[in-house]
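Here's the structure we're looking at; comments come further down.
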2 protein chains.
Amino acid sequence: MDHLIEKTLSRKTIFEGKIIDLHVDDVELPNGKMSKREIIKHPGAVAIIAITDEGKILMVRQYRKAMERVMVEIPAGKLEKGEEPIVTARRELEEETGYICETLKPLISFYTSPGFADELVHLYVAEKLSKKENAAPLDEDEFVDLLEVSLEEALGLLEEKQIYDAKTAYAVQYLQLQQVLGK
Amino acid sequence: MDHLIEKTLSRKTIFEGKIIDLHVDDVELPNGKMSKREIIKHPGAVAIIAITDEGKILMVRQYRKAMERVMVEIPAGKLEKGEEPIVTARRELEEETGYICETLKPLISFYTSPGFADELVHLYVAEKLSKKENAAPLDEDEFVDLLEVSLEEALGLLEEKQIYDAKTAYAVQYLQLQQVLGK
């Protein structure tokens, strides 16, 4: 694969933030020419497809500053330093929904924006849910509404572009596939 | 939804690049407290699920600097200024694969990383493909290998984490769903 690989010649760190860092790399292309790559470093995240005993999917409605709008998504959150993704998944499910789960299985992991960022999202399926008394609170800068929706309602939210992000679209399609397969 | 909305108090532009811009916004949270939001602005992108008459899916193998590795993805590319996404989709399909298509239908659009970026990806399904003589060339800093894979092979590439990004994972699951539905 050497005919594809870019060599890093130097890296300039533009920004080191609370959530993301930004670097600009000078690279040597496979043909020997030079170029620049704008790179966002992100700690990674988890997202949880949580299904209640009644077959409803847990979703959270929240304001997303990057789009300046409210969106409906599956519960998700970023990894704390050194945290195992499955631990993050349990924590975020409890904080964002007040639910805990008996079973939590990894489904798939994927990079969200490989063209410019290294954010890796780990998707889990949570079942056997129960409401927890005195659940862990949200981060102090997080505000969410909890929704419990059927697959049909989720498809309606997709159609209306209230659900409008990759991980939640993937989750809804996963549930469609499971339904068609009779699982 | 006023109980969720964050008000922008001020915006600091940290970086304006070739592909992304970075801003840090000071916001007032719904409870009146202050916080900061790190925001990446991106022009948006398209991705194409292109199916040959033999039922193979077109994929491109390319080096992704953010992850420092080679990945296999469906053809994709970012919008040029003022370009309609469907025009970008035709252009990127031709540039990255050498194929043109007779039918090109919008499937879904989604934000890839709503926690920190406004990148919106428009996904299309392309069919009735044909190889074009003297197809438009790749951008001068792009190097890709073209693959034509069956759904079974795509599932293998996912398992091996050669396919490892959200839009391509969504595309493979879409094709699985279509197969199960007998379409």
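- Looking at every heavy atom in both residues, B:Asp165 comes nearest to A:Phe110 through C-CB, 3.6 Å.
- Here the straight-line distance linking atom NZ of A:Lys167 with atom OH of B:Tyr111 works out to 13.0 Å at 0.5 Å rounding.
- With rounding to the nearest 0.5 Å, the separation of CD1 in A:Ile40 from CD1 in B:Ile40 is 3.5 Å.
- Under 4.0 Å is where a charged nitrogen must lie from a carboxylate oxygen, and between A:Asp141 and B:Lys33 no such pair does.
- Both B:Val172 and B:Ile49 are members of a single hydrophobic cluster when ILVMFWY side chains are connected at heavy-atom separations under 4.5 Å.
- Side-chain contact of B:Thr8 with A:Lys65: a donor-acceptor pair under 3.5 Å is present, judged by distance alone.
- In terms of heavy-atom pairs under 4.5 Å with chain A, the best-connected choice from B:Asp25, B:Leu4, B:Ile20 is B:Leu4.
- Note: B:Pro30 leads B:Gly77, B:Ala45, B:Pro30 in heavy-atom pairs under 4.5 Å with chain A.
- Heavy-atom distances place the side chain of A:Lys41, and not its backbone, under 4.5 Å from chain B.
- Of the two parts of B:Leu22, only the side chain, counted from C-beta on, holds a non-hydrogen atom closer than 4.5 Å to a non-hydrogen atom of chain A.
- Using a 4.5 Å cut-off between heavy atoms, B:Thr168 does not touch chain A at all.
- Across all non-hydrogen atoms, the minimal contact from B:Arg64 to A:Pro114 is CD-O, 3.7 Å.
- Within the 4.5 angstrom heavy-atom criterion, no atom of B:Leu123 approaches chain A.
- For chain A, the option among B:Asp145, B:Val27, B:Val70 with the highest count of heavy-atom pairs below 4.5 Å is B:Asp145.
- Grouping the Ile, Leu, Val, Met, Phe, Trp and Tyr side chains by contacts below 4.5 angstrom, directly or via other members, places B:Ile51 with B:Leu107.
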Could you walk me through whether A:His42 and B:Phe116 pass the ring-ring contact (aromatic ring centres under 6.0 Å, His included) check? CA-CA 10 Å; A:His42 184 283; B:Phe116 68 94; 5.0 Å; yes
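- Contacts between B:Glu119 and chain A at a heavy-atom distance below 4.5 Å involve the side chain alone, from C-beta outward.
- For chain B, the nearby part of A:Glu68 is the side chain; its heavy atoms alone come within less than 4.5 Å.
- Contact tally against chain A (heavy-atom pairs below 4.5 Å) for B:Val144, B:Leu181, B:Val24, B:Asp118: the top residue is B:Asp118.
- In this structure, the portion of A:Leu158 lying under 4.5 Å from any heavy atom of chain B is its side chain and not its backbone.
- When heavy atoms are compared at a cutoff of 4.5 Å, B:His23 does not approach chain A at all.
- Checked by atom type, the side-chain pair B:Thr112/A:Thr112 shows no donor-acceptor distance below 3.5 Å.
- Looking at A:Leu120, only its side chain comes within 4.5 Å of chain B, counting heavy atoms on both sides.
- For B:Glu142, no part sits under 4.5 Å from any heavy atom of chain A, backbone or side chain.
- When heavy atoms are compared at a cutoff of 4.5 Å, B:Val121 does not approach chain A at all.
- Of the atoms belonging to B:Ser35, it is side-chain heavy atoms, and not backbone ones, that fall under 4.5 Å from chain A.
- Hydrophobic clustering (ILVMFWY, side-chain heavy atoms < 4.5 Å, transitive): B:Tyr99 and B:Ile57 are in distinct clusters.
- A:Gln176 touches chain B through backbone and side chain together, each having a heavy atom under 4.5 Å away.
- Cluster annotation: A:Ile74 is not connected to A:Val60 through the hydrophobic network of ILVMFWY side chains, with a link wherever side-chain heavy atoms come within less than 4.5 Å.
- The CG atom of A:Asn31 lies 3.5 Å from the CZ atom of B:Phe143; values are rounded to the nearest 0.5 Å.
- Listed options B:Glu38, B:Gln62, B:Lys36 were ranked by heavy-atom pairs under 4.5 angstrom with chain A; first place goes to B:Glu38.
- Using a 4.5 Å cut-off between heavy atoms, B:Ile108 touches chain A through its side chain atoms alone.
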